[in-house]
Every structure is written in C-alpha cells, then in structure tokens.
Amino acid sequence: MNKLLQMLDRVRPEIDPLDEHYLSNETPLARDRYLTLLAANLLEVGALSEARSRLFDMLITSMETDHSASFYMQQANALEHNELKEILLYLREDKERTKAYLFDLLVLLRIDSPLDSTEVTLIEQQFTVLGVTEREAKNLVFWFDYFGNSDNKCDTHG
C-alpha cells in the first residue's frame, strides 16, 4: 500500500472518528483476543487484500489497541487450541459480543468480493460454535446485507 494511503487511513479516524466499537470498553486482553481471532480468519482465507488490510487497520484503530495488524497476524499464526477455545467461550458469554464479532467478520471477508465456498463454510462453522440460532443468523445476515447494499448507504459527501 502506498505511503499516502496509509497516512490517510491513520488520520481519518482522528478527523472523522468511527463509532465506538462494542468491545472498546473491554479489557486490552479481550480486545487483543477478539482481533486475533479476526486475524486468524483473514489468514485462513488466503492472501490479505488491500481492502481487507485497510479495514482491519481501521477496526484496530476504532478499538483503541496498542498493537498493529502485524501483531495480530503473528498472534493468529501462533494461535493454539486452548487459546481459540478461550476466545470462543468469551464471545459466547454475551450475545451482543457474538453479533459484533460475526458482523465484523462478515464485513472483513466480504469487503472486496463475494464470499466463496471456503469463506461461507468458515462463517457457518463459527455461527454453530458460537451458538447462534438460525433466527439470529438470519437477522444478522439481514442487517449485514441491508448495510452492505449501496442503495441503503448514506451520502457522506453531499
């Protein structure tokens, strides 16, 4: 990514802050685990596109963490069974936390292209492991599609 684009990505939240993330008030460890799991998903689906990388950086900024994306990618590469289990149990403790995670995951995976079969399987497995009911899943996907539909986006330049 070019230098100007990186600087613009870093300065944008300072000029036009993102809404506070649901996990912003959680402990640094909780936020780090959350972001590590998102990073693990990004690594699982292959090469990290520029759009996914930029969005992940913006998410990190919105959660006010002390680490960079590369830290979370390294943590994801070293993720072990017990750590994954702890993260998933932490997410399951709070339905809103679960929804925030799955919404972030859907946005990250679909930011620059439709979901492929590997990504759909990965998401479906996480819906199941996180105890999301079919009704909750449909509701979450509805809102994801609604906000992702260009006809429903607000004009921020007019």
Side-chain angles (χ1 to χ4, degrees), residues 1-10 12-13 16-24 31-63 65 67-79 83-84 87-88 90-92 94-158:
M1 182 180 344
N2 70 38
K3 186 176 179 180
L4 179 57
L5 193 53
Q6 288 177 337
M7 288 190 306
L8 287 168
D9 283 344
R10 283 193 305 268
R12 181 178 176 193
D16 185 20
L18 298 173
D19 290 338
E20 184 175 279
H21 192 277
Y22 184 77
L23 271 79
S24 293
R31 289 179 284 163
D32 287 346
R33 287 179 171 175
Y34 181 94
L35 290 164
T36 296
L37 184 54
L38 287 174
N41 280 275
L42 292 173
L43 292 174
E44 184 69 21
V45 297
L48 189 61
S49 70
E50 184 175 329
R52 286 179 180 168
S53 177
R54 291 178 65 210
L55 184 59
F56 190 57
D57 285 339
M58 291 171 68
L59 181 60
I60 291 167
T61 301
S62 77
M63 292 180 71
T65 68
H67 304 291
S68 67
S70 62
F71 170 83
Y72 296 108
M73 296 301 172
Q74 290 172 353
Q75 293 294 310
N77 274 323
L79 188 64
E83 292 168 305
L84 176 61
I87 296 168
L88 294 170
Y90 164 75
L91 291 173
R92 284 179 65 133
D94 178 343
K95 284 286 188 188
E96 294 305 313
R97 190 184 300 146
T98 299
K99 289 177 196 174
Y101 166 73
L102 291 169
F103 194 85
D104 285 345
L105 178 61
L106 286 166
V107 172
L108 279 167
L109 294 182
R110 195 167 158 202
I111 188 69
D112 56 358
S113 62
L115 298 173
D116 65 26
S117 61
T118 301
E119 294 165 336
V120 169
T121 301
L122 185 62
I123 292 167
E124 286 175 343
Q125 183 67 19
Q126 291 180 74
F127 271 68
T128 301
V129 171
L130 292 170
V132 176
T133 66
E134 185 176 341
R135 181 177 180 190
E136 291 167 332
K138 286 179 180 179
N139 192 22
L140 184 63
V141 170
F142 168 81
W143 286 111
F144 172 76
D145 285 341
Y146 179 81
F147 288 118
N149 181 343
S150 61
D151 294 338
N152 296 322
K153 290 183 181 172
C154 296
D155 180 9
T156 58
H157 301 290

What distance separates [X] [atom1] from [Y] [atom2], expressed to the nearest 0.5 Å?
X	Y	atom1	atom2	value
M73	L38	CE	CG	9.0 Å
I123	L106	CD1	CG	4.5 Å
D32	M63	CG	CE	8.5 Å
S53	M58	OG	CE	11.5 Å
Y34	L105	OH	CG	8.5 Å
T65	H21	OG1	NE2	11.5 Å

For [X] and [Y], which heavy atoms make the closest approach, and how far apart are they?
X	Y	result
T36	Q75	OG1-CB, 3.6 Å
L109	R52	O-NH2, 2.5 Å
S24	S62	OG-O, 3.4 Å
A78	E83	O-OE1, 3.6 Å
D94	E96	OD1-N, 2.9 Å

So if I apply the side chain to side chain contact (heavy atoms under 4.5 Å, CB included) rule between F56 and each of D104, L35, L48, which one comes out positive?
L35

Are [X] and [Y] packed together at the side-chain level, in the sense that at least one heavy-atom pair is separated by less than 4.5 angstrom?
X	Y	answer
V107	L59	no
L37	L88	yes
Q74	S68	no

Modelled atom types, side-chain donor and acceptor of Y101 and N41, under 3.5 Å:
yes

Can you list the steps and then say if R97 with L23 is a side chain to side chain contact (heavy atoms under 4.5 Å, CB included)?
CA-CA 7 Å; R97 190 184 300 146; L23 271 79; 3.8 Å; yes

Does R92 use its side chain to pair, donor to acceptor, with the backbone of V129 at less than 3.5 Å?
yes

Test your reading of the model: is there a side-chain donor-acceptor pair from Q125 to the backbone of L122, 3.5 Å cut-off?
no

Using the side chain to side chain contact (heavy atoms under 4.5 Å, CB included) rule, take M7 and L4 through it: C-alpha gap first, then chi angles, then the decisive distance, then the call.
CA-CA 5 Å; M7 288 190 306; L4 179 57; 4.2 Å; yes

